[in-house]
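Working notes for the structure below.
So that the names make sense, note that chain A is the first sequence line, chain B the second, and so on, each numbered from 1.
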Protein chains: 2
Amino acid sequence: MSARTEIEGSRARQSRATREAIVEAATRLMHLRGYQNTALDEVLRASGVGKGNFYYHFRSKEDLGYAILDRIVARFVERTLDPCFSEPGQPRLGQIRCFLDRVLEAQRERNCVGGCAMGNLASELSDVHEGFRARLASVFEAWRGRLMTALREAQARGEVSADCDAEPVAHFLVAALEGAILLTKVTKDIGVMEQCVRELKRYLALYEAGR
Amino acid sequence: MSARTEIEGSRARQSRATREAIVEAATRLMHLRGYQNTALDEVLRASGVGKGNFYYHFRSKEDLGYAILDRIVARFVERTLDPCFSEPGQPRLGQIRCFLDRVLEAQRERNCVGGCAMGNLASELSDVHEGFRARLASVFEAWRGRLMTALREAQARGEVSADCDAEPVAHFLVAALEGAILLTKVTKDIGVMEQCVRELKRYLALYEAGR
DNA sequence: TCATCTGTACCAACCAGTCGGTACACAACC
DNA sequence: GGTTGTGTACCGACTGGTTGGTACAGATGA
């Protein structure tokens, strides 16, 4: 019954590719320029899609905004979060440290350009657009949730001491990373990020079981 | 020689007041909506100043941008940084803790609205406008510098252990605060900020002399 | 009178979104 | 198997409104 499993006609395939091209171009542009300061025409030019076609696939620019947010989150989960936390046998603290390193490496690869797409959107839209704010809040909550479960599992496994309250620690990890990325973006110095991650690991070690 | 100390004519006084009104309104609006998404007309309407008058006082919108940035920084130094670090007798670690609390209280007073004006501008403009980026980078450097000297003085006074490297620690403090403010802005929950500040203090205690 | 201010009318460029119309895959029918 | 009908996918010109910025006449006080 699912359309996805049916044999897809060339028309439907092309249609999906068009939508994909729009979202791809918009994600790239809006990551750098922000949502409000990226003109639809730029996205259209970059993706080679006409105006009418765009409004066939999306109801509005806002609609596109939610689409790129979904894409950003999906990519973050798949490329940064999942690779660290998927293997169940691994020690949890090691997974968290691996995650910190992965975020650092992502900034290095980007040459300190762009910063965190989710953080940028949060900064730009939280006080301007309630819909985006709510969506972004749930994204950060999910991210923090992933860290919280890792921390609680670490406690259950005896890696982390019992006096570690997972919620504030997870909040702090997310906040520190976001701030470090922002500072790296404005200084254009990966060394800042390296120092911050090093200090963040030192903080984390505070809760390591057996002092 | 300084014009500021001369007896000011009513005309010059009015002119300065006009400029002041523009910067004041622009600062308030751009703190919430961002630089690029705040229209000049809005600023003019809010300050009750005409277009021609505006372009008498400012060369361009960009010029206004630098002016509000100066104002934001001056206000931050005078209202948040200076009150904590001005008294030379105080213990340095206490000054830093007082500063963290002050940042937290500022967010509470704002009802988690607006976030950090400098952080917002950094997020919005760092990859779009090199002039602003450079200016913002120097602002964050000055902020970090203030924390660094406090930390070094703390070491000299024996409050902080010798193995504390002031630069990365200061970087981390700034980053963690910026991230915490951002997370608070998007969640609209001051509890997030409280938790982050608490964890940040726990981190800071790592370097307290005598364990 | 003359430089300093200020309001208003205006401009071209740009914005998100609309509209009339076209191309074509695909199915239905004869 | 060709013709016809239909909805999906698409195009680019256009619209009303907004943008940063300019021109300029008039007001004001030294």
Side-chain angles (χ1 to χ4, degrees), chain A residues 3-4 6-26 29-30 32-69 124-125 128-129 131-132, chain B residues 3-4 6-27 29-30 32-69 121 124-125 128-129 131-132:
Chain A
R4 207 47 61 84
E6 298 285 336
I7 301 129
E8 205 175 40
S10 68
R11 268 187 85 61
R13 196 183 317 118
Q14 176 56 32
S15 174
R16 287 215 302 130
T18 300
R19 198 194 144 91
E20 180 64 17
I22 295 170
V23 175
E24 167 63 32
L29 286 169
M30 288 178 178
L32 292 177
R33 302 189 222 269
Y35 168 76
Q36 301 184 95
N37 202 49
T38 300
L40 237 33
D41 285 349
E42 284 182 287
V43 174
L44 267 25
R45 211 176 313 123
S47 57
V49 172
K51 253 281 166 72
N53 199 359
F54 172 84
Y55 279 97
Y56 174 78
H57 289 281
F58 298 92
R59 250 184 301 109
S60 61
K61 185 182 181 183
E62 186 184 336
D63 195 18
L64 174 63
Y66 285 112
I68 70 145
L69 186 47
E124 179 188 355
L125 299 171
V128 155
H129 195 300
F132 279 122
Chain B
R4 208 49 60 86
E6 296 286 335
I7 300 125
E8 206 174 39
S10 69
R11 223 153 140 65
R13 198 184 315 118
Q14 176 55 30
S15 175
R16 288 215 303 130
T18 301
R19 197 193 145 92
E20 181 63 17
I22 294 169
V23 175
E24 166 63 31
T27 303
L29 285 169
M30 289 179 176
L32 292 177
R33 302 190 223 270
Y35 168 76
Q36 302 185 93
N37 202 50
T38 300
L40 237 33
D41 285 350
E42 283 182 288
V43 175
L44 267 25
R45 213 175 311 125
S47 57
V49 172
K51 257 272 170 80
N53 200 356
F54 172 83
Y55 278 98
Y56 175 77
H57 288 282
F58 297 93
R59 252 185 301 108
S60 61
K61 184 183 181 181
E62 186 184 337
D63 196 20
L64 173 64
Y66 285 111
I68 70 144
L69 185 47
L121 290 173
E124 180 188 355
L125 299 171
V128 155
H129 193 301
F132 279 123

What does the list of N/O pairs under 3.5 Å between the protein and nucleotides 6-8 of chain D look like, with a distance for each?
| unit_1 | atom_1 | unit_2 | atom_2 | d |
| --- | --- | --- | --- | --- |
| D/dT8 | O2 | A/Arg11 | NH2 | 2.2 |

Is any side-chain heavy atom of [Y] closer than 4.5 Å to one of [X]?
X	Y	value
A/Phe54	A/Asp41	no
A/Gln36	B/Gln36	no
A/Asn53	A/Thr18	yes

Separation of C/dA16 P from A/Leu29 CG (nearest whole Å):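 My rounded result for the distance is 12 Å.
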Rounded distance (Å) that lies between atom P of D/dA23 and atom CZ of B/Phe54: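 It is 16 Å, rounded to the nearest whole Å.
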How many angstroms lie between atom [atom1] of [X] and atom [atom2] of [Y], to the nearest 0.5 angstrom?
X	Y	atom1	atom2	answer
A/Leu29	A/Leu40	CG	CG	11.0 Å
A/Tyr66	A/Glu62	OH	CD	5.0 Å
B/Leu125	B/Leu69	CG	CG	9.0 Å
B/Leu32	B/Thr38	CG	OG1	8.0 Å

A/Tyr35 six-ring centre to A/Lys61 NZ/CZ under 6.0 Å and within 45° of normal: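 A/Lys61 over A/Tyr35 ring: yes.
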Under 3.5 Å donor-acceptor pair, B/Lys51 side-chain atoms to C/dG7 base atoms: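 No, no donor-acceptor pair under 3.5 Å.
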side-chain N/O A/Asn53 vs D/dC11 OP1/OP2, d < 4.0 Å: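 A/Asn53 to D/dC11 OP1/OP2: side-chain N or O found under 4.0 Å.
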Short side-chain N/O contact to D/dT22 OP1/OP2 from B/Tyr55, under 4.0 Å: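 No, because none of the side-chain N or O atoms of B/Tyr55 sits under 4.0 Å from OP1 or OP2 of D/dT22.
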B/His129 and B/Phe132 aromatic ring geometry - parallel, tilted or perpendicular at 30°/60° bounds: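 If you compare the ring of B/Phe132 with that of B/His129, the planes turn out tilted.
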Heavy-atom pair with the smallest gap, counting every atom of B/Arg33 and A/Val128: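 Minimum heavy-atom contact is CA-CG2, 4.1 Å.
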Reference residue A/Leu64; test side chain to side chain contact (heavy atoms under 4.5 Å, CB included); the match among A/His57, A/Met30, A/Arg59: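 For A/Leu64, the side chain to side chain contact (heavy atoms under 4.5 Å, CB included) check succeeds only for A/Met30.
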Neighbours of DNA chain D within residues 32-48 of chain A, by heavy-atom distance under 4.0 Å: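 Nucleic-acid contacts, sorted: none.
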Strand-adjacent residues in residues 57-68 of chain A, judged by heavy atoms under 4.0 Å from DNA chain D: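 DNA chain D contact set from residues 57-68 of chain A: A/His57.
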